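These numbers were taken from a predicted model, which means no experiment stands behind them. Here, residue 1 is the first one in the sequence, and each next residue gets the next number.
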Amino acid sequence: MDSTGYGDWIRDFETARRERAGQDDPDWRTGVPLHPAIRRSVQRFQVGEDGDGAELITKAEAAGDAEYASAVRMFVAEERNHARLLALLLASGDAPTIASHWSDRVFVTLRRALGLRLELLVLMIAEVVALRYYRALRDGGEDALTREVAGRVLADEERHVPFHCHRLRRALRPLPAPARVLVTSGWRAALAAACLVVAVDHGPALRRLGVGRGRFAVEVVRSSGPIAAAMR
C-alpha cells in the first residue's frame, strides 16, 4: 500500500464495494435457529458493528486529509454492512437484535472521549478481537449460512486492521522510538485485558465453536505482537 497517502486504500475499498455489489446476499432462507450461546454472542457483536461511525468520520475530516476521510467513510460503510448481515443472520434463525450491550457502551464511551489517534487505538482493540472471533465463527459455525456470513465479515476485517495500522504508524512516527514502544506496549496490555473480558463474556459460544476461552485469549494476544510492530 501507498506509504504516503490513502489512494491505494480508497481503491482497495472501492474494489471491495464493487465486488459486494456484484455478489448476491447469502440465501437467508437456509437459516436455522442458532444455538442459544452463539445467538447471544452474535447479538452482542452485531451491536458493536452497528455504531453509526459519525464521530470517527468527523475526527477524520478534522485531521485535514481528504483522502483519509474518504477511506474512513468507506470503512464505516463496511462496518454498517457487517451489522446488516449479522442482523439478517439472526432474523433467519428467528432471533432479534438487541438494543445495546454494556461492553459496546464502554468501547463507544472511550472512543468518543478521545482524539483520533487514541480512538483508533481503542478501535483496533475491537478489530483485533473481532478477527479471531469471526474466524472461530466461520470455522466452527454449525450451519452453512453462519459460516458464510462470518467469512464475508472476516474478509473485510482482515483489510481493516492493516488500514488502521497504516494511519497509526503515521500518527506515531513523530514520537521518539521509546515513546512508540511505550504506546504500543500499553495498547497490547489493554488488548489483553479486553480480550479476557470478551473470552469470559462469550465463553459458552467459544466452547461451542471449538475454541474455548483460554485458546481464544492466547491467540488474540499472540497476534497482537506483529500488529504492534506494524504500528511502530
For this session: For a side-chain hydrogen bond (donor to acceptor under 3.5 Å, both in side chains) with E142, tell me which candidate from R208, R147, H35 qualifies.
Result: R208
For this session: Walk me through it: do T97 and V47 pass the test side chain to side chain contact (heavy atoms under 4.5 Å, CB included)?
Result: CA-CA 8 Å; T97 58; V47 167; over 6 Å; no
Which atom of [X] lies closest to which atom of [Y], heavy atoms considered:
X	Y	value
P204	V200	CD-O, 4.4 Å
L209	G141	CD2-N, 3.9 Å
A63	R167	CB-NH2, 3.7 Å
A37	A205	O-CB, 3.5 Å
H166	G5	NE2-O, 3.4 Å

Exercise. Is the closest side-chain donor-acceptor distance between T146 and D143 under 3.5 Å?
Worked result: yes
For this session: Say whether H82 and Q46, considering side chains only, have a donor N or O and an acceptor N or O under 3.5 Å apart.
Result: no
Exercise. Under the side chain to side chain contact (heavy atoms under 4.5 Å, CB included) criterion, do D139 and V211 qualify, and how do the steps go?
Worked result: CA-CA 10 Å; D139 296 344; V211 179; over 6 Å; no
Quick one, [X] and [Y] - any side-chain contact, counting heavy atoms below 4.5 Å?
X	Y	answer
R138	V149	no
D8	D12	no
P96	Q43	yes
E157	V153	yes
R132	R215	yes
I38	V42	yes
T184	L168	no
Y68	L116	yes

Problem set entry | Full working for side chain to side chain contact (heavy atoms under 4.5 Å, CB included) between R170 and D65 | CA-CA 12 Å; R170 296 184 68 186; D65 187 326; 4.0 Å; yes
Would you find a donor on one side and an acceptor on the other, under 3.5 Å apart, between the side chain of [X] and the backbone of [Y]?
X	Y	value
R207	G212	no
R180	L175	yes
E67	Y6	yes

Between [X] and [Y], is there shared hydrophobic-cluster membership here, with clusters defined by ILVMFWY side-chain heavy atoms closer than 4.5 Å?
X	Y	answer
V221	L131	no
L196	L121	no
W28	L86	yes
L182	L191	no
V181	L118	no

For this session: Using a strict 4.0 Å threshold on nitrogen-to-oxygen distance, state whether R20 and E78 make a salt bridge.
Result: yes
Problem set entry | salt_bridge(R84, D25) N-O dist < 4.0 Å | yes
Nearest 0.5 Å, what's the [atom1]-[atom2] distance between [X] and [Y]?
X	Y	atom1	atom2	value
S41	L206	OG	CG	6.5 Å
R40	R44	CZ	CZ	7.0 Å
L123	H160	CG	NE2	9.5 Å
R152	L89	CZ	CG	11.5 Å
L85	R80	CG	CZ	14.5 Å
E14	S70	CD	OG	7.0 Å

For this session: Would you please indicate if the ring centroids of F163 and F13 are separated by under 6.0 Å?
Result: yes
Problem set entry | Aromatic ring proximity H202/F216, centre distance under 6.0 Å | no
Exercise. Can you list the residues that meet the salt bridge (charged side-chain N to carboxylate O under 4.0 Å, His left out) rule with R17, with sequence neighbours excluded?
Worked result: none
For this session: Please step through side chain to side chain contact (heavy atoms under 4.5 Å, CB included) for the pair E79 and E49, ending with a clear verdict.
Result: CA-CA 6 Å; E79 292 289 293; E49 299 279 7; 2.8 Å; yes
